[in-house]
Peer 1: 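Please find one structure pasted underneath; my questions will follow.
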Protein chains: 2
Amino acid sequence: MTAPLRRDAERNRQRILESARRLVAETGLAASHDDIARAAGVGVGTVYRRFPRKADLLDALFGAQVAEVAALAEAARTEPDAWAALTGFLGEVLRRQAADRGLRELLTGSPHAGELARSARERIAPTVADLVRRAQEEGRMRPDAEVGDVALVPLMAGAVLAAAPGDPDLAQRALATALAGLAAGEDRDPLPGSAPDAAGIERLLGG
Amino acid sequence: MTAPLRRDAERNRQRILESARRLVAETGLAASHDDIARAAGVGVGTVYRRFPRKADLLDALFGAQVAEVAALAEAARTEPDAWAALTGFLGEVLRRQAADRGLRELLTGSPHAGELARSARERIAPTVADLVRRAQEEGRMRPDAEVGDVALVPLMAGAVLAAAPGDPDLAQRALATALAGLAAGEDRDPLPGSAPDAAGIERLLGG
DNA sequence: GCCTAACCGGAGAGGGTCGTCCACTTGAGC
DNA sequence: GCTCAAGTGGACGACCCTCTCCGGTTAGGC
């Protein structure tokens, strides 16, 4: 496609990516091009030249991680115990989000999110739908829960993570609480209202 | 204490409060002094003179509402069914938060929150602790849940509210899910990790 | 070694927020 | 009605962010 970069340019590109990764993991997606340039020891112009829009930078930073998450979902699909697969998947994603503030913001609907996260959600959605259906057939998940309810769970756990970034175990506990609320059980009150449909989920998580 | 304001000054003060209330309910606590001045039709200087710090303005705006919430908690304490009282209280608070973005941010640990919210939490805490104890004695709440877990619930529901401000019913559904996770039930997996203690809760919600 | 296209850095324009300051206006006591 | 303290408003300085532009530098083909 594009001609390979000159060696110095490629070197700078890598330095920018490394610094940006560190910075975004700590301070979130709002890290400015200026901050990144300073951290990388290059001029702002260089950052803008290589990554004109924030989305370009985020694609380069998070492409691999987002693909991994999608792969995790697909791996979960093949597990025999659907409920365990679903909870395990959500726990693992939360663990990764705890380690990287940027990933958390990317996956939980910050305004900076964009196309990358959208396509990941699109890839993950059918898997989650399948797991939900099977977990209900297994009798592990309450029958009045829907895919939309599962979509709310990372949002809820993510809020705890955001409030206590230093205590990932607390977010896991919040996750467990929410999932316990979706688990099957005797004489539970039905959930009020209705879960969001696909479009609603997209609006929720898409910013 | 302070001398009464001149009549024109008092009139401006009221106009500022009215405009600020409307603005903050819609756009949140981040509304700038500038925005408020423009909405009220006065100069920025006037707003700063009357409310030098954002906290001064918020106290004037939300003092009554926060006191009401605290009163609700105390009323809940007298109900015979502790679990119903607890869930009812949380639902009502969430309803109020849905109607006012400023109140949501104030009560769910935004950086702008401050002293007002802190004192309200202090007032509410013993009531919630009492309700939790009684709900567990009633056998309605799982025994391994703690006050700290209940403190996470508004945070979780608040995240849904923030993501879908136009759909308060969805937040109520998320609230119901989280509460269902804290309800008593047969052979539930214990919650992992440990709930935050009083200091942890303060850190979580206090910003 | 030379040449030039690619690349570099950072100054600076444009736009936003916060909070201050002071020349002007106005209410209210006499 | 006069006086003056209280009150007003918005211009302004200080700061931050985004993005562009261009004079100077450098890699790498010849």
Side-chain angles (χ1 to χ4, degrees), chain A residues 1-20 22-24 26-61 101-102 105-106 110-115 207, chain B residues 1-20 22-24 26-61 101-102 105-106 110-115 207:
Chain A
M1 301 288 272
T2 48
L5 291 176
R6 227 169 66 176
R7 211 187 289 156
D8 55 342
E10 180 56 33
R11 192 172 50 235
N12 273 340
R13 203 184 106 96
Q14 291 307 327
R15 287 171 62 185
I16 291 168
L17 283 175
E18 278 165 39
S19 299
R22 219 171 308 131
L23 205 60
V24 168
E26 281 168 25
T27 67
L29 302 184
S32 73
H33 285 212
D34 244 293
D35 292 337
I36 293 167
R38 212 171 309 124
V42 303
V44 217
T46 305
V47 180
Y48 275 101
R49 193 170 327 103
R50 219 46 76 200
F51 306 101
R53 303 150 153 279
K54 175 149 286 172
D56 300 319
L57 183 54
L58 295 183
D59 285 357
L61 282 180
R101 178 166 166 187
E105 293 182 7
L106 195 74
S110 98
H112 304 275
E115 186 53 26
Chain B
M1 305 285 272
T2 49
L5 291 177
R6 229 168 63 176
R7 210 188 287 154
D8 56 341
E10 181 56 34
R11 191 172 53 236
N12 273 339
R13 203 184 106 94
Q14 292 307 327
R15 286 172 62 185
I16 290 169
L17 282 175
E18 277 165 39
S19 299
R22 217 171 308 130
L23 205 59
V24 168
E26 281 168 25
T27 68
L29 302 184
S32 71
H33 280 64
D34 245 294
D35 293 337
I36 292 166
R38 211 171 308 123
V42 303
V44 216
T46 304
V47 180
Y48 275 103
R49 193 172 329 102
R50 220 43 78 200
F51 306 100
R53 303 151 153 279
K54 176 149 285 170
D56 300 320
L57 183 55
L58 296 182
D59 285 357
L61 283 180
R101 180 167 165 185
E105 293 181 7
L106 195 74
S110 98
H112 305 274
E115 187 52 26

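Proteins get letters first, then strands, A, B, ... in listed order; numbering begins at 1 in each. In this text the structure is predicted, and so the values were computed from the model without any measurement.
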Peer 1: Going by side-chain contact (heavy atoms from CB on, under 4.5 Å), name the residues that satisfy it together with B:Phe51, two or more places apart in sequence or in a different chain.
Peer 2: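 side-chain contact (heavy atoms from CB on, under 4.5 Å) list for B:Phe51, sorted by chain: B:Arg13, B:Ile16, B:Leu17, B:Asp56, B:Leu57, B:Ala60.
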Peer 1: Ignoring backbone atoms, establish whether A:Asn12 has a side-chain N or O less than 4.0 Å from OP1 or OP2 of C:dC7.
Peer 2: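 Answer is no, no contact under 4.0 Å.
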Peer 1: At under 4.0 Å between heavy atoms, how does the protein contact nucleotides 25-30 of chain C? Give one character per nucleotide, 5' to 3', with B, S or -.
Peer 2: -BSS--
Peer 1: Have a look at A:Arg13 and say if it touches a base, only the backbone sugar-phosphate, or nothing, with a 4.0 Å heavy-atom cut-off.
Peer 2: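 Touches nothing.
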Peer 1: To the nearest angstrom, how far is B:Phe51 atom CZ from D:dG9 atom P?
Peer 2: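 The distance from CZ of B:Phe51 to P of D:dG9 comes to 14 Å, rounded to the nearest Å.
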Peer 1: Write down the distance between CD (A:Glu10) and C1' (C:dA6), rounded to a whole number of angstrom.
Peer 2: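 Result: 14 Å.
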Peer 1: To the nearest Å, how far apart are A:Arg50 CZ and C:dA6 P?
Peer 2: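 Computing the A:Arg50:CZ to C:dA6:P distance gives 12 Å.
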Peer 1: State which residues pass side chain to side chain donor-acceptor pair (under 3.5 Å) with A:Asp34; sequence neighbours excluded, sorted by chain then number.
Peer 2: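 Side chain to side chain donor-acceptor pair (under 3.5 Å) check on A:Asp34 returns nothing, list empty.
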Peer 1: Apply side chain to side chain donor-acceptor pair (under 3.5 Å) to A:Glu26 and list each qualifying residue two or more places apart in sequence or on a separate chain.
Peer 2: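 A:Glu26 satisfies side chain to side chain donor-acceptor pair (under 3.5 Å) with no other residue.
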Peer 1: Applying salt bridge (Lys or Arg N to Asp or Glu O under 4.0 Å), name anything that partners A:Asp59, two or more places apart in sequence or on another chain.
Peer 2: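 Partners of A:Asp59 under the salt bridge (Lys or Arg N to Asp or Glu O under 4.0 Å) test: none.
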Peer 1: With sequence neighbours excluded, tell me which residues meet salt bridge (Lys or Arg N to Asp or Glu O under 4.0 Å) with B:Arg53.
Peer 2: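 Scan of B:Arg53 (salt bridge (Lys or Arg N to Asp or Glu O under 4.0 Å), adjacent residues dropped) gives none.
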Peer 1: Apply side chain to side chain donor-acceptor pair (under 3.5 Å) to B:Asn12 and list each qualifying residue two or more places apart in sequence or on a separate chain.
Peer 2: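 By the side chain to side chain donor-acceptor pair (under 3.5 Å) rule, B:Asn12 matches no residue at all.
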Peer 1: Applying side chain to side chain donor-acceptor pair (under 3.5 Å), name anything that partners B:Arg101, two or more places apart in sequence or on another chain.
Peer 2: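 Counting only residues at least two positions away or on another chain, B:Arg101 forms a side chain to side chain donor-acceptor pair (under 3.5 Å) with B:Glu105.
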Peer 1: Closer than 3.5 angstrom, by distance alone: can the side chain of A:Lys54 be matched with the main-chain N or O of A:Ala31 as a donor-acceptor pair?
Peer 2: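 Present.
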Peer 1: So if I define the base as every atom that isn't primed, P, OP1 or OP2, how would nucleotides 13-18 of chain C read as a B/S/- string at a heavy-atom cutoff under 4.0 Å?
Peer 2: -----S
